[in-house]
Amino acid sequence: MTEHTELLNQLRTVVGEANVLTEGDLGAWEWDWRKRERGHALAVVRPASTEQVATVVRACVQGGVSMVPQGGNTGMVVGSTPDASGTQVVLSLTRMNQIRKMDAANLTVTVEAGCVLQNLQEACEKAGFLFPLSLAAEGSCTIGGNLGTNAGGTQVVRYGNTRELCLGLEVVTAQGEIWSGLTGLRKDNTGYDLRHLFIGSEGTLGVITAATMKLYPLPASTLTTFAAVPSLDAAVQLLGLAHQHLSSGLTGFEVMGRFALSLVVKHFPQQRVPFQEIRESDAPYCVVLENSDHDSEAHARAQFEKLLESAIEAGCVLDAVVAENIAQARQLWHIRESIPLAQAQEGLNIKHDISIAVSRIPQFVADMDAALEAAFPGVRLVNYGHLGDGNLHYNVQAPSNADAEEFLKTKEKPINALVYASVDQYNGSISAEHGIGSLKREKLQEHKSPVALGLMRSIKLALDPQNLMNPGRVIRL
Ligand code: FAD
Ligand code: S2G
Ligand code: ZN
């Protein structure tokens, strides 16, 4: 008998024996996606309904056992895995994956937290609608995790983050009560807007069990272009022209450094990355951009022609390839989405998920590249990301002849310090879309004012006074 035997038996009666995992390899729930940290769970518990989640939470609260809500476990800030104590319950929402209701006239869909993002995208497309959240992890991340982290991705430039796409939530509170706010109303000014407390709270205030999300009409045509640009300044200039020519038709604008692309060429040789023949010094960056048109493909093409003409005239595009069909478009996007995976194949790396005013990104990168290359000779810079919304993944790979583990052990902290100090100077954010988790919790203390931290602490203590919801994530009490 351990001190938790009674609780575990109780949980087994709630969710069924097979859905309380305590034996065997729980690595899938305990390793963080970057394979940098592994926790140890008391148990992985997989409820199938909101009522079961509520009962599980109440039982854990009664037993004084803390919980880590988990979706697809693709988070990047060590927020969805248990700590090493062996005393936490991982509350996996993956069995709650139903699409409860699609309301065409209201342009909304109500979906359970454990629904995989790609499944929701596909179901909406089949019904003739667009659910416009899109990120490279969409094959395994879940709507609950997207809301937990307020995920961004590649269409934020047009549709905003997950927060902007959410109209209502169903939540099990830290006391095990059920708050149902799945109204689907676009206007509802009746007191505090509670959904916005839970969106981006990273499982520290309660468990999101379902959400009502916005739908959009499917565009008549989406065109994708992959362009080689002579500088990061030119990429920013091209973004300005794209806004001018495409306006709300601009639904994606990603920048990729040539070293980042070289990792895709190296690790995924079957992918055809354009413009390999252009010297890196002539085109240090490439851009992939998407135009979604509600008129016709002909109209979309005509708009793209005009955009590319003015971009070539302005000298901010060296060469461009426009996808001829959906398969080609998918191939071009797949190159961009393969960068994080190619980085992982190249070895352990240091990630910075930062945002800076778009206009200032070129200067930040020029300064930072120079500073890191001077301080850490041989360091390899993997610069890429969502330039359209000012979110750069300014990642650092160990020098090719270095032991990556050793390099990270000794250099990650000073590199983080350099990057984040500069981000501060540029009035940027140290976490644009991935959140804080436990990875950046101490950093948050340095980068937020005492007033802001005090308000966050008050919210945490008001909603989870026993600190049993994902303790030690986001805010240090
Ligand atoms: P998890 O990792 O399981 O959990 C993430 C956080 O949310 C944790 O704090 C967890 O406690 C909390 N949580 C999970 N479910 C719930 C719930 N039901 N209720 C309350 N809290 C909950 N992120 C981006 O924003 N943009 C990107 O472009 C992007 N690209 C990525 C590419 C790759 C290859 C990978 C591996 C990750 C990427 N990510 C990106 C990070 C990650 O995919 C997102 O943070 C995603 O939203 C996490 O979803 P998940 O279901 O995996 O959540
Ligand atoms: C992306 C993935 C995380 C990283 O692909 O947009 O959010 O930096 C990133 O590898
Ligand atoms: Zn990203």
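Just so you know, ligand 1 is whichever comes first in the structure, and atom 1 is the first atom listed for that ligand.
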Got [X] and [Y] here, is their nearest side-chain heavy-atom distance under 4.5 Å?
{"X": "Leu117", "Y": "Asn146", "value": "yes"}
{"X": "Leu133", "Y": "Tyr159", "value": "no"}
{"X": "Leu453", "Y": "Leu444", "value": "yes"}

Quick check: does any side chain N or O of [X] sit under 3.5 Å from a backbone N or O of [Y], one acting as donor and the other as acceptor?
{"X": "Arg163", "Y": "Asn150", "value": "no"}
{"X": "Gln88", "Y": "Asp83", "value": "yes"}
{"X": "Ser422", "Y": "Leu418", "value": "no"}

Notebook entry, point to check: Quick one: do Glu346 and Arg380 make a salt bridge, cutoff under 4.0 Å?
Noted result: yes
Margin query: Salt bridge check, Glu170 against Arg100: does any charged N sit closer than 4.0 Å to a carboxylate O?
Written below: yes
Notebook entry, point to check: Can you list every side chain to side chain donor-acceptor pair (under 3.5 Å) pair that touches residues 199-208, not counting sequence neighbours?
Noted result: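 Counting only pairs at least two positions apart or across chains, no side chain to side chain donor-acceptor pair (under 3.5 Å) contact touches residues 199-208.
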Margin query: Looking at Leu185, I want to see if its CG is surrounded by more than 12 non-hydrogen atoms of other residues, nucleotides or ligands under 6.0 Å.
Written below: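 Yes, because the 6.0 Å sphere around CG of Leu185 holds more than 12 heavy atoms from other groups.
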Margin query: With a 6.0 Å cut-off (strictly less than), is the heavy-atom count around CZ of Arg38, excluding the residue itself, greater than 12?
Written below: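 Counting neighbours around CZ of Arg38, more than 12 heavy atoms of other residues, nucleotides or ligands fall under 6.0 Å, so yes.
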Margin query: Angle between ring planes, Tyr394 versus His352, binned at 30° and 60°: parallel, tilted or perpendicular?
Written below: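 Because their plane-to-plane angle lies in the 30° to 60° range, the rings of Tyr394 and His352 count as tilted.
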Next item on the list: Mind telling me whether Phe376 and Phe407 have parallel, tilted or perpendicular rings, with 30° and 60° as the class edges?
Entry: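 Perpendicular: the ring planes of Phe407 and Phe376 meet at over 60°.
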Next item on the list: Could you please provide the protein residues found below 4.0 Å of ligand 1 on a heavy-atom basis, arranged by chain and number?
Entry: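 These residues qualify: Trp33, Pro69, Gln70, Gly71, Gly72, Asn73, Thr74, Gly75, Met76, Gly79, Ser80, Leu93, Ala113, Leu135, Ala136, Ala137, Cys141, Thr142, Gly144, Gly145, Asn146, Gly148, Thr149, Ala151, Gly152, Gly153, Glu202, Gly203, Gly206, Val207, Ile208, Pro340, His386, Glu433, His434, Asn470.
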Checklist line | Atoms named by residue and atom, protein N, O or S, within reach of the Zn ion (ligand 3) (under 2.8 Å) | finding: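 His386 NE2, His393 NE2, Glu433 OE2, with waters left out.
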Filter the ligand 2-protein atom pairs down to N or O on both sides and distance under 3.5 Å, then list them.
unit_1: ligand 2; atom_1: 5 (O); unit_2: Arg336; atom_2: NH1; d: 3.2
unit_1: ligand 2; atom_1: 5 (O); unit_2: Arg336; atom_2: NH2; d: 3.4
unit_1: ligand 2; atom_1: 6 (O); unit_2: Arg336; atom_2: NH2; d: 2.6
unit_1: ligand 2; atom_1: 6 (O); unit_2: His386; atom_2: NE2; d: 3.0
unit_1: ligand 2; atom_1: 6 (O); unit_2: His393; atom_2: NE2; d: 3.2
unit_1: ligand 2; atom_1: 7 (O); unit_2: His393; atom_2: NE2; d: 3.0
unit_1: ligand 2; atom_1: 7 (O); unit_2: Glu433; atom_2: OE2; d: 3.0
unit_1: ligand 2; atom_1: 7 (O); unit_2: His434; atom_2: NE2; d: 2.7
unit_1: ligand 2; atom_1: 8 (O); unit_2: Tyr384; atom_2: OH; d: 3.2
unit_1: ligand 2; atom_1: 8 (O); unit_2: Asn395; atom_2: ND2; d: 3.0
unit_1: ligand 2; atom_1: 10 (O); unit_2: Lys351; atom_2: NZ; d: 2.7
unit_1: ligand 2; atom_1: 10 (O); unit_2: Tyr384; atom_2: OH; d: 2.9

